[in-house]
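To keep things clear, I will list the structure first and then write my remarks on it.
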Amino acid sequence: MDEEKRDNGSAEKMDEICESGGVIAKKDGVRIHCLTIIGQIEGHYELGDGQKATKYEHIIPLLVSIEESDDVDGLLLVLNTMGGDVEAGLAIAEMVAGMKKPTVSLVLGGGHSIGVPLAVCADRSFIVPSATMTIHPVRISGVVIGVPQTYYYFERMQDRIISFITGHSGVSEENFRAMLRRTDQIATDTGSLIDGTEAVSCGLIDRCGSLSDALDELHRMINENKRN
C-alpha cells in the first residue's frame, strides 16, 4: 500500500511538472514552488513545432496562484533561457518582482537577452559559475519602418529594460550600457557575453552558487518571513 501511494505521488508530481513546468517541494513544514523558465519565452505569437518554449499566458496566472496560495511559502525560479519576446519577459519579471512571498532565482546554463530581467527579478539571485548571460540591445525581426518614430520606440523599450535591471540588481546603468555597446565579443551584434563569476563581480547577480545554495537562502528567507 505504501509503495502504491509513493507511485501515485510520483505520478502526480510528473503530471504537475508537465502541466505547469513546476512542482511544489515540501520539507520541514516549508513548501516551495519550483518554476522553470526554459527555452524561448513565447509572447503574442506561437513558436514553431520542436522549439522549447515558456508561455507567458501560463506563467502569469500561475504566479498569481502561487502568491495567493496558503500551500506555498516561497518561489524558486530556475532559468535556462535564450530569451524571447521582450514584453512577455518583462511582464513575467514584473510579476515576480511584485510578489510578497520570498523569491530566489537560479541561472543554470544560460540567462540570455530578456532572460536577464528574469534573472534579477527575484529577492535574491544566484548563478552557477558555468552559466552565461548575453547582454545585447533590443532586436526585432520582420519589417522595420525607417522613420524616426521607430528609433524612438526602440530607445524607449531599451530604457524600460535597463531601468528594470538596474533597479533590481547591483549593476550601475553606466556599466550596463557599456556592456550593451561592446563590439568585440559577439560576432553578429554588439553586446557582452559574461559567465557566472563576471555576472556577480559586476553586480548583476547577487551570488555564485548551486541549487543547494539557492534553496538554503530561500529557506532562510521563508523562516525569517514567518517569524515576522
Side-chain angles (χ1 to χ4, degrees), residues 8-27 30-128 131 133-134 138-142 157 160-161 164-165 168 205 211 214-215 218 221-222:
N8 289 337
S10 298
E12 288 176 2
K13 278 195 173 184
M14 286 304 299
D15 290 340
E16 186 179 355
I17 293 170
C18 292
E19 183 70 22
S20 67
V23 67
I24 295 177
K26 302 176 182 178
K27 180 182 178 182
V30 174
R31 291 151 298 189
I32 292 172
H33 193 113
C34 174
L35 179 63
T36 56
I37 304 292
I38 61 171
Q40 190 165 348
I41 299 162
E42 188 177 88
H44 302 296
Y45 301 98
E46 289 189 2
L47 298 174
D49 294 336
Q51 296 189 62
K52 292 285 186 181
T54 296
K55 297 178 180 291
Y56 85 111
E57 70 269 27
H58 293 174
I59 299 297
I60 288 178
L62 180 58
L63 290 173
V64 175
S65 175
I66 293 169
E67 177 73 348
E68 288 292 289
S69 175
D70 292 330
D71 295 326
V72 177
D73 297 308
L75 171 67
L76 176 65
L77 193 66
V78 180
L79 292 97
N80 186 9
T81 176
M82 61 184 291
D85 187 278
V86 171
E87 290 189 348
L90 274 180
I92 297 171
E94 289 282 11
M95 289 285 287
V96 175
M99 295 176 70
K100 291 183 179 179
K101 288 185 177 177
T103 57
V104 169
S105 64
L106 174 64
V107 181
L108 298 169
H112 305 295
S113 191
I114 201 61
V116 177
L118 287 163
V120 305
C121 68
D123 298 325
R124 298 286 186 279
S125 57
F126 287 78
I127 187 170
V128 297
M133 303 182 78
T134 304
V138 172
R139 296 180 298 193
I140 192 169
S141 59
M157 183 178 291
R160 288 164 54 202
I161 296 169
F164 183 91
I165 292 171
H168 292 84
I205 301 295
L211 174 61
L215 285 171
L218 186 53
M221 293 167 62
I222 290 171

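- Of all non-hydrogen atoms in I165 and V116, the two that sit nearest each other are CD1-CG1, 3.7 Å.
- One distance of note links NE2 of H33 with CG of L77; it measures 10.0 Å at 0.5 Å rounding.
- For E42, the side chain to side chain contact (heavy atoms under 4.5 Å, CB included) test picks out E46, L47, A53, K55, E57, with sequence neighbours left out.
- Of the possible donor and acceptor atoms, one in the side chain of T54 sits under 3.5 Å from a partner among the backbone N and O of I38.
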side-chain contact (heavy atoms from CB on, under 4.5 Å) evaluation trace for L75 with I32
CA-CA 6 Å; L75 171 67; I32 292 172; over 6 Å; no
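- The minimum heavy-atom distance linking A93 with L118 is given by the pair N-CD2, 3.6 Å.
- Between L218 and the options D123, V104, L106, V30, a side-chain contact (heavy atoms from CB on, under 4.5 Å) holds for only V104.
- L35 contributes atom CG, which lies 5.5 Å from atom CG of L62 (distance to the nearest 0.5 angstrom).
- Applying the side chain to side chain contact (heavy atoms under 4.5 Å, CB included) rule to A131 yields the partners V107, I127, V128; only residues at least two apart in sequence or on another chain are considered.
- Crowding of M82 atom CE: a count of heavy atoms from other residues, nucleotides or ligands under 6.0 Å not exceeding 12.
- Atom CG of L215 sits about 8.0 Å away from atom NZ of K27, to the nearest 0.5 Å.
- Put simply, SG on C121 and CG on L79 are 7.5 Å apart, with the number rounded to the nearest 0.5 Å.
- Considering all non-hydrogen atoms of both residues, P117 and S113 come closest at CD-O, 3.7 Å.
- Sorted by first and then second residue, the salt bridge (charged side-chain N to carboxylate O under 4.0 Å, His left out) pairs with a member in residues 66-80 read R31-D71, R31-D73, D73-K226; sequence neighbours excluded.
- When all heavy atoms of Y56 and G43 are compared, the pair lying nearest together is CE2-O, 3.5 Å.
- Summarising the geometry of I60 relative to A91, their closest heavy-atom pair is CD1-CB, 4.1 Å, with the distance given to 0.1 Å.
- Scanning both residues, L63 and M95, for their nearest heavy atoms gives CD1-CB, 3.6 Å.
- Remark: A122 engages T103, S105 in a side chain to side chain contact (heavy atoms under 4.5 Å, CB included) (not counting sequence neighbours).
- Here side chain to side chain donor-acceptor pair (under 3.5 Å) pairs that include residues 74-89, with residues two or more places apart or in two chains, number zero.
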Quick one: do L76 and L211 satisfy side-chain contact (heavy atoms from CB on, under 4.5 Å)? Show the steps, please.
CA-CA 10 Å; L76 176 65; L211 174 61; 3.9 Å; yes
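- Distance alone, capped at 3.5 Å, is enough to place a donor-acceptor pair between the H112 side chain and the T134 backbone.
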Show the numbers, then the answer: is there a side-chain contact (heavy atoms from CB on, under 4.5 Å) between R160 and V86?
CA-CA 10 Å; R160 288 164 54 202; V86 171; 5.7 Å; no
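- A heavy-atom distance below 4.5 Å is found between the side chains of V120 and F164.
- Residues that satisfy the side chain to side chain contact (heavy atoms under 4.5 Å, CB included) test with K52, not counting sequence neighbours, are absent from this structure.
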